[in-house]
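Reading through the structure tokens given below for one structure.
This one's a predicted model, so the numbers in the text were calculated from it and none came from an experiment.
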Amino acid sequence: MGRVSSSDAMMRAAVASSADAMIALGADQTVRLWNPAAERMFGWTAEEVLGRPLRIVPEEHTAEHRAVLERVREGGHISFLTRRLHRDGRLIDTRAVASAMRGEDGEFLGWVGLYRPVREDEAVQHQTAERIRLVRRLNDVVADLNAELELPAVLDRVTSGLIELTGADAAGFVVIEQATNTLRLVSMTGLPRRLRGATADLRSSLVGELLRSGRTVMLATADTRSLGDLIWSELDGLHTIAVGISNVQGSPYGALYALFSKRKAGHIELELLELFAGHAGVVLGNAMNYAEVVRQRRHERAVIEASADGIAVLDRDGVVQRWNPSAHQITGLAPEEVIGRPLPFALPDPGGETTIQLESGTWLNVLHTEIEGHDEVVVDFRDVTEAKSLEAAKDLFLSMTSHELRTPITVVQGFAKTLVDRWEKLDEADRRRAVATIADRADALGRLVDNLLYSRAVPDGLSVTSEPFDLGRLLRGAAYGFRGVSERHLVELKIAEDLPPALGDSMATDIIAGQLLENAVKYSPEGGVITVRAGVDGDAIVVTVEDDGIGIAADDRERVFERFVQGEAGDRRRFGGLGLGLYIVRRLARAQQGDVSAHPRADGLGGTCMRFTLPRFGDSE
């Protein structure tokens with residue numbers, strides 16, 4: 001017991017008498033030993049530092065300090081030139097020797113470091129040369145990294161850059177997938193390609209151990225632990241693994257592995273790994289941001305390309321930069337005719353909306369929006385020509401309807417009032433004429449209302465049947481009904497004796513025949529012969545209705561089948577009507593797979609020939 005006490009006293013005396021500063025750190029990196037030489041060299045007393053974190057490491061040497069501690073933790077010692085901080089703020093050039101402390105049972109207890117001032121010229125020369133070398137190597141590799149934008153290329157460049165910096169025999173980068181607590185190998189250099197995509201459990205991995213320790217780098221050697229169960233054992237002769245965490249936007253994103261199978265790793269390699277892992281995190285963050293911007297741009301482009309609206313993207317000078325397919329379709333202008341030039345139509349104020357008409361006649365509804373934070377302007381436009389046409393048609397319909405309804409209503413009101421006020425003063429003939437006029441005008445009102453109802457239904461398609469019926473009989477009935485309409489007209493029928501059944505809707509066909517006969521009477525005011533013919537032409541039955549009337553100008557023979565066109569049809573306008581009858585007739589005919597068209601009479605005389613076709617039963621089955 002006396003000898004043990006004597007040995008302890010001898011050891012304390014040796015520590016106290018040492019000319020070198022001696023500092024010991026516990027496993028928690030707090031100061032456990034601070035000898036008098038350390039007080040003299042660094043200026044702090046033992047009472048000021050014991051039990052507290054080490055205060056002599058300058059900020060710019062923090063990575064070096066951690067790398068040294070990590071390296072010697074696994075065994076051996078390191079001698080290196082560095083700088084340490086004096087209490088008064090001066091930097092002291094020192095030669096340091098760092099070793100790990102272990103108990104008799106091999107348990108890791110901490111670190112011990114010996115520090116000795118070095119000659120200023122030697123220290124400056126060494127420190128300057130070493131720092132220049134490291135900075136150059138690091139800057140060169142980081143510059144190469146920053147030149148890459150695509151994330152996969154950046155990851156591959158990270159692993160190859162780590163080998164350039166540290167001289168490692170192989171390297172890998174794993175992504176930390178927090179949601180599943182796994183690691184995924186995404187890039188490697190010097191390892192079999194089949195390992196790409198391999199996964200491992202985060203908690204039991206070296207990365208998990210490093211994250212739990214709070215350190216940023218760690219070293220694992222074959223002397224202190226088994227490396228054979230790791231995927232990195234694919235590297236023949238693997239004896240040392242250095243791991244560094246890469247943070248992206250302040251959170252652990254992945255880890256860099258430097259693998260050594262031939263050469264040894266020192267504290268400088270660990271320092272480089274830590275510094276490079278930090279730079280790699282920044283570069284990876286930039287690449288991820290770039291990938292997100294590219295993704296957003298692709299999404300925006302897909303939305304623009306798929307939009308049914310025309311979309312043009314302009315720069316601040318109003319020059320077109322993008323012109324989507326719908327813009328081409330709506331305006332008829334191809335991208336090569338527009339891009340790089342001013343917008344081919346006027347813009348509303350920013351945030352405003354307007355309706356304009358192009359030279360082609362197309363109407364556009366245009367919306368102008370400036371994108372905040374971007375030097376771009378988006379112009380959205382859609383074709384509203386049909387809506388404009390419907391609006392014009394509605395206005396025309398209302399004006400014509402009010403005019404056409406007002407006339408018979410005025411007549412009915414006038415004669416009805418005459419009968420009420422002067423019944424006793426009128427003779428029988430005058431009363432009959434007044435009642436006949438009221439009945440005639442009421443009949444005209446009924447036809448107008450029928451046409452209005454049909455014109456409302458026909459655009460969406462009437463429900464018609466398709467079945468055989470006797471067209472000849474239907475035409476005879478329609479002609480008979482019109483023989484008493486006018487004493488000045490004669491209706492003649494010329495129907496083929498062998499006329500086959502027609503295929504269609506008899507009720508719809510009766511409406512067609514009635515309208516064609518009514519028009520023939522209406523537009524031949526001087527009277528004459530109305531000839532109805534029916535015969536077979538190929539697989540169709542053809543019906544023609546000829547009159548001796550005013551005829552239809554060649555330019556109007558197709559237009560008369562449009563809604564309201566009679567409002568502009570010259571001489572025909574004086575006979576009244578809404579211009580809906582022939583529109584309805586054509587739609588009913590086409591709904592039965594037939595058609596109606598207007599022609600001059602074949603004999604060259606005045607008047608009109610209306611030609612109506614229907615499929616014949618048998619050929620259409």
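- For Arg215, the CZ atom is densely surrounded, since the number of other residues' heavy atoms within 6.0 Å is greater than 12.
- With Ser18 contributing its side chain and Val15 its backbone, the two residues share no donor-acceptor pair below 3.5 Å.
- For the pair Thr216/Arg66, a side-chain contact is recorded, criterion being any heavy-atom separation below 4.5 Å from C-beta on.
- Minimum heavy-atom separation, Met101 to Ala24: CE-CB, 4.1 Å.
- Note that the CG atom of Asn365 and the CD1 atom of Ile356 stand 9.5 Å from one another [nearest 0.5 Å].
- With values rounded to the nearest 0.5 angstrom, Met188 atom CE is found 12.5 Å from Leu235 atom CG.
- For Glu177 and Thr182, the side-chain atoms include at least one donor-acceptor pair closer than 3.5 Å.
- Here the side chains of Tyr257 and Leu230 are not in contact, with every heavy-atom distance at 4.5 Å or above.
- Environment of CD in Glu59: sparse, with no more than 12 heavy atoms of neighbouring residues, nucleotides or ligands closer than 6.0 Å.
- Checking side-chain atoms of Asp169 against main-chain N and O of Phe260 turns up no donor-acceptor pair under 3.5 Å.
- Aromatic ring pairs are classed by plane angle as parallel below 30°, tilted from 30° to 60° and perpendicular above 60°; the pair Trp34 and Trp44 is perpendicular.
- Phe381 approaches Ile311 most closely through the heavy-atom pair CE2-N, 4.1 Å.
- Cation-pi geometry between Arg84 and Tyr115 is not met at under 6.0 angstrom from the ring centre and within 45 degrees of the axis.
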Applying side-chain contact (heavy atoms from CB on, under 4.5 Å) to His65 and Leu54, what does each step give before you reach the verdict?
CA-CA 11 Å; His65 174 67; Leu54 190 62; 3.9 Å; yes

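- The distance from the OG1 atom of Thr221 to the CZ atom of Arg73 is 11.5 Å, given to the nearest 0.5 Å.
- By the 6.0 Å contact criterion, CZ on Arg212 is enclosed, its count of non-hydrogen atoms from other residues, nucleotides or ligands being greater than 12.
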Criterion side-chain contact (heavy atoms from CB on, under 4.5 Å) on Ser79 and Arg95, from CA distance to verdict
CA-CA 7 Å; Ser79 175; Arg95 177 171 292 279; 3.5 Å; yes

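- Annotation for Leu270 and Arg71: closest pair CD1-N, 3.5 Å, computed over non-hydrogen atoms.
- The closest side-chain heavy-atom distance from Val313 to Val377 is not below 4.5 Å.
- Taking 4.5 Å as the limit, every side-chain heavy atom of Phe173 sits out of range of all side-chain heavy atoms of Leu162.
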Might you work through the side-chain contact (heavy atoms from CB on, under 4.5 Å) test for Val379 and Val366, ending with a clear yes or no?
CA-CA 7 Å; Val379 181; Val366 184; 3.7 Å; yes

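- Checked by atom type and distance alone, the side chain of His239 pairs as donor or acceptor with a backbone atom of Arg263 at under 3.5 Å.
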Decide salt bridge (Lys or Arg N to Asp or Glu O under 4.0 Å) for Arg52 and Glu47; before the verdict, give the C-alpha distance in whole Å, the side-chain angles of both, and the deciding distance to 0.1 Å.
CA-CA 10 Å; Arg52 299 177 183 177; Glu47 290 76 12; over 6 Å; no

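- For the pair Val243 and Val217, the minimum side-chain heavy-atom distance is 4.5 Å or more.
- Summarising the geometry, atom CD1 belonging to Ile23 is positioned 9.5 Å from atom CG belonging to Leu114; distances are rounded to the nearest 0.5 Å.
- The minimum heavy-atom distance linking Val97 with His77 is given by the pair CG1-CD2, 4.0 Å.
- At distances below 3.5 Å, at least one donor-acceptor pair connects side-chain atoms of Asn35 with backbone N or O atoms of Met22.
- Looking at heavy atoms from C-beta onward, Val175 lies in side-chain contact with Tyr253 at the 4.5 angstrom threshold.
- In terms of heavy atoms, Leu238 sits closest to Ser261 at N-CB, 3.8 Å.
- With hydrogens and angles left out, the side-chain atoms of Thr30 and Arg32 include a donor and acceptor closer than 3.5 Å.
- Phe80 CZ to Thr94 OG1: the interatomic distance, rounded to the nearest 0.5 Å, is 7.0 Å.
- Of the possible donor and acceptor atoms, one in the side chain of Glu48 sits under 3.5 Å from a partner among the backbone N and O of Thr45.
- Residues Leu358 and Phe345 are in side-chain contact: their nearest non-hydrogen atoms beyond the backbone lie under 4.5 Å apart.
- Side-chain N or O atoms of Glu39 include one that pairs as donor or acceptor with a backbone N or O of Ala46 at under 3.5 Å.
- The minimum heavy-atom distance linking Thr166 with Glu269 is given by the pair O-CG, 3.4 Å.
- Under the 3.5 Å distance criterion, the side-chain polar atoms of Asp315 are matched with a main-chain donor or acceptor of Asp317.
- Heavy-atom neighbours of Arg196 CZ from other residues, nucleotides or ligands within 6.0 Å: above the threshold of 12.
- Put simply, CG on Leu25 and CG on Leu69 are 6.5 Å apart, with the number rounded to the nearest 0.5 Å.
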Between Glu234 and Leu195, does a side-chain contact (heavy atoms from CB on, under 4.5 Å) hold up when you go through it step by step?
CA-CA 9 Å; Glu234 293 279 349; Leu195 293 180; 3.8 Å; yes

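- Using a 4.5 Å cut-off on side-chain heavy atoms (C-beta onward), Val207 and Leu183 make contact.
- A side-chain donor-acceptor contact under 3.5 Å links Thr82 and Glu64.
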